[in-house]
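Structure record follows, encoded as structure tokens.
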Amino acid sequence: MEKQHQLLSKIATNERHGENSPYFDGWKAYDSNPFHPTDNPDGVIQMGLAENPLSFDLIIDWIKKHPTASICTPEGANMFKDIANFQDYHGLREFRRAIAKFMERVGGGRVTFDPDRIVMSGGATGANETITFCLADPGDAFLVPSPYYPAFDRDLGWRTGVRIIPVDCHSSNNFQITKAALEAAYDKAQQDGINVKGLIIANPSNPLGTTLDRETVKIILSFINEKNIHIVCDEIYAATIFSAPNFVSIAEVIEEMDCNRDLIHIVYSLSKDMGLPGFRVGIVYSYNDAVVHCARKMSSFGLVSSQTQYLLATILSDEEFVGNFLAESSKRLKKRHSIFTKGLEQVGISCLKSNAGLFVWMNLRHLLKEQTNDGEMALWRVIINDVKLNVSPGSSFHCIEPGWFRVCFANMDDETVDVALKRIHAFVGEQKEREMPKKTNCWKKIFGSASHLVYLKRVLDLHM
Amino acid sequence: MRLLSRKATCNTHGQDSSYFLGWQEYEKNPYDEIQNPTGIIQMGLAENQLSFDLLESWLADNPDAAGFKKDGQSIFRELALFQDYHGLAAFKKALVEFMAEIRGNKVTFDQNKIVLTAGATSANETLMFCLAEPGEAFLLPTPYYPGFDRDLKWRTGVEIVPIQCTSSNGFQITAPALEEAFQEAQKRNLRVKGVLVTNPSNPLGTTMTRNELNLLLSFITEKGIHLISDEIYSGTVFSSPGFVSIMEALKDRKCENSQVWNRVHIVYSLSKDLGLPGFRVGAIYSNDDMVVSAATKMSSFGLVSSQTQYLLSALLSDKKFTRNYISENQKRLKQRKKLLVKGLEKAGISCLKSNAGLFCWVNMKLLLSSNTFEAEMELWKKIVHEVKLNISPGSSCHCTEPGWFRVCFANMSEETLSLAIQRLNSFVKSMNNQSHHQIKKSSRRKSLTKWVFRLSFDHDHREPEER
């Protein structure tokens with residue numbers, strides 16, 4: 001086995017792909033016992049997957065009505081040969097135009113994107129790795145505000161050899177990124193002799209579901225300008241915004257202030273906004289010409305299938321469809337978010353106030369036996385094994401405060417949401433039951449009567 | 001502080017090579033039968049455009065695959081959400097069966113040992129990341145596909161050390177050449193992690209002999225290193241000798257339970273055999289579980305679109321179609337290659353005898369002003385700018401001998417190919433006329449010219465390169 005190890009590279013045999021982290025234990029539990037309303041009603045409900053199938057019916061409907069968008073239908077087959085043969089890493093012009101237009105719509109029509117700066121990649125996964133290869137050498141570092149998407153460790157660091165330095169954010173100010181936190185992380189890196197090449201932010205945030213306000217974006221831009229480091233803004237959730245405040249793309253803010261555009265890069269994808277992760281559509285958009293050229297050459301390693309480019313070029317060029325889709329998708333996400341957060345509130349569980357994303361950032365600190373990582377892990381195992389919900393523990397997102405969990409709400413139907421909420425209600429109820437006997441005796445000692453006790457219990461419940 | 005990475009600012013991507021410069025010239029002035037009949041004809045692109053009609057008629061008969069439907073029901077949702085890096089099981093099954101069929105079912109493949117990647121480009125890079133550290137090396141026989149310089153070296157930091165092959169034996173790999181390459185690597189302080197071969201060969205268009213395959217297996221066994229066999233052209237073998245896959249060679253040596261079994265890996269793709277480069281379908285096949293596991297995780301950076309996986313799983317599962325396609329496609333390639341070879345013969349130009357691929361390895365040494373790479377570049381520029389043909393100079397493929405060019409024949413219509421041959425014919429005639437007028441009437445020269453013309457008649461009879 002040892003010899004086997006030596007025959008393979010370090011990258012192939014190290015753990016930096018991150019798949020042995022506890023984050024994936026929940027998935028394993030789900031895979032071995034997946035919930036199904038009729039076949040397996042006691043199975044684990046998947047709430048760890050940030051997918052967005054809520055508006056597929058709109059897309060399916062469009063596809064049925066537009067057979068020419070496919071190169072395989074009788075109506076579209078005349079394009080088959082040219083498209084099947086097309087492997088130019090510039091990508092189909094119509095595809096780039098359509099993506100640029102879509103990104104403009106998503107940015108509220110307040111930004112413009114140049115189709116010639118659109119570079120393809122194998123999903124946002126490929127985009128994040130590619131941009132890192134372009135901007136940093138092995139041993140260099142990127143700052144990333146925590147909590148952050150767990151797979152950043154793999155995407156930014158596994159094959160590139162680049163390190164991630166978290167910029168810690170706290171619930172005391174709703175996990176907002178502060179200048180002080182950025183400076184502190186940067187200074188510490190300098191002291192440790194680590195070369196910081198840039199900052200990566202996700203806006204809207206995964207796992208927080210919040211958007212950055214204009215002021216914060218400006219602070220961040222000033223910071224990177226001053227340090228002369230890059231900023232990569234992963235805007236993959238941009239169209240999942242369902243309530244105020246509006247999405248403010250970095251593309252919008254750079255028009256309002258002086259900054260070195262060679263430092264500005266955006267990563268985008270259709271996996272969340274349109275719910276099409278299977279189609280592997282990732283985009284690198286850079287204001288730096290050299291980066292566009294380099295990323296484009298690297299895109300050979302992860303081009304978007306021409307069949308898919310063609311379909312998407314057609315559907316995204318249909319402006320009426322796009323307008324309707326974005327509005328309807330947003331509405332449905334808002335409704336789902338509301339049902340879910342209200343359901344949680346009923347049992348005294350609060351979430352970080354959010355206006356975007358496919359998940360909530362749930363606060364279960366009050367249920368921890370101890371305010372530590374171990375306490376969080378213990379609670380999490382109970383949720384997976386007893387409550388049978390695969391939720392994602394905050395520690396897997398490198399959150400420095402234990403007790404937060406990311407819970408996805410869009411990747412299931414209404415009935416399953418119901419079942420999940422019922423299970424949560426039952427669980428919270430049981431927790432209270434367990435604690436009740438001690439409290440009952442205590443209050444009984446003080447007040448004596450049963451009816452008085454019931455009244456007090458209700459009061460206690462209201463305040464939890 | 002340097003703003004961008006070293007990778008972004010070096011030119012290890014190799015795209016400044018003549019191979020790509022020819023393409024650029026073509027882009028500026030592309031031939032079109034009607035719009036631009038004096039434009040440059042693209043003969044530098046190894047595409048297979050000969051059998052699209054077969055694919056198109058299959059599509060017409062199979063509407064479900066087109067419309068995200070299975071048995072009439074919409075499966076759009078499942079496909080749109082499917083991003084599992086294990087890939088669509090039905091597609092992997094169909095793919096491994098297709099690969100077996102191409103090999104005459106002399107070998108079979110396990111669908112659990114195949115990893116899907118975004119094209120062979122991604123497959124080759126991924127294998128480098130899995131098998132070698134930055135600064136380590138792989139040995140490659142020359143001449144080789146120019147894109148390997150980017151795919152194997154650029155982001156991985158891996159080095160390529162050439163195994164020098166020469167026309168003296170039809171560019172076959174020899175034991176001394178292998179050993180010499182290994183020693184060269186040692187001299188350069190490079191640890192050799194393996195050998196990578198393309199079989200059938202690009203740019204030669206030849207299949208490896210059993211002797212070469214055995215040589216390779218003995219070599220990697222002795223050195224304890226890997227062997228990657230890029231078999232992307234395996235379905236384009238159109239005449240004898242047939243294709244012998246590395247898997248078959250391993251089986252014949254009864255290597256199934258040996259250590260070497262786990263060190264042989266195959267790269268495949270549908271870009272050449274099916275002519276679908278736009279769909280980005282590549283694959284790594286390995287008997288080593290750890291390689292499969294690591295490569296599977298890495299495939300996250302370049303998965304195959306689920307839409308495409310679904311279409312192709314339906315296509316490749318249709319065995320009647322695949323059987324017919326493989327044979328018809330090979331027939332058409334054979335005929336097309338014959339057209340080019342005969343046309344070149346008439347111009348007094350010979351090709352390496354080949355039985356596969358989408359191109360010929362053409363010998364233009366006689367047209368060189370001197371036996372140097374400068375002369376080769378000079379000739380190449382003339383061919384691109386005056387003859388208006390984009391062909392690939394052997395130096396871009398790291399060939400050790402000047403004067404060889406790769407000329408593609410499957411990426412254009414028959415009329416365009418005939419026109420290209422005509423242009424070349426005229427060019428050669430004009431070169432001959434020039435040499436007639438320029439030099440003294442020495443008998444040596446006369447016999448040279450005679451020899452050139454004799455070659456065009458004797459070609460079928462001469463044979464050191466016979467395989």
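A, B, ... follow the sequence lines: proteins, then strands. Residue 1 opens every chain.
If you measure heavy-atom distances from A60(B) to chain A, you find no contacts under 4.5 Å at all. Heavy atoms of V304(A) lying under 4.5 Å from chain B belong exclusively to its backbone. Only the side chain of E47(B) has a heavy atom closer than 4.5 Å to any heavy atom of chain A. Looking at L274(B), there are no atoms closer than 4.5 Å to chain A (heavy atoms on both sides), in backbone or side chain. Within the 4.5 angstrom heavy-atom criterion, only backbone atoms of F82(B) (N, CA, C, O) approach chain A. Contacts of N62(B) with chain A are absent, with no heavy-atom separation under 4.5 Å from either backbone or side chain. Contact annotation for P67(A): neither backbone nor side-chain heavy atoms come within less than 4.5 Å of a heavy atom of chain B. Contacts of L135(A) with chain B are made by both backbone and side-chain atoms, with heavy-atom separations under 4.5 Å. There is no contact between M274(A) and chain B, counting heavy-atom distances below 4.5 Å. Heavy-atom distances place both the backbone and the side chain of P277(A) under 4.5 Å from chain B. With a threshold of 4.5 angstrom between heavy atoms, P63(B) does not approach chain A through any atom at all. Heavy atoms closer than 4.5 Å to chain B are found in the side chain of L263(A), but not in its backbone.
Aromatic ring pairs are classed by plane angle as parallel below 30°, tilted from 30° to 60° and perpendicular above 60°; the pair F56(A) and F76(B) is perpendicular.
Between the E133(B) side chain and the K10(A) main chain, a donor and an acceptor come within less than 3.5 Å of each other. Within the 3.5 Å criterion, the main-chain N or O of A8(B) finds no donor-acceptor partner in the side chain of H293(A). Between the side chain of S5(B) and the backbone N or O of F133(A) there is at least one donor-acceptor pair closer than 3.5 Å. A donor-acceptor pair is defined here as one N or O able to donate and one able to accept, closer than 3.5 Å; such a pair exists between the side chain of H230(A) and the backbone of L3(B).
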Would I60(A) and S74(B) count as a side-chain contact (heavy atoms from CB on, under 4.5 Å) if you check the C-alpha gap in whole Å, the side-chain angles of each, and the deciding distance to 0.1 Å?
CA-CA 8 Å; I60(A) 292 171; S74(B) 171; 4.0 Å; yes
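No hydrogens or angles considered: nothing links the side chains of S305(A) and S305(B) as a donor-acceptor pair under 3.5 Å.
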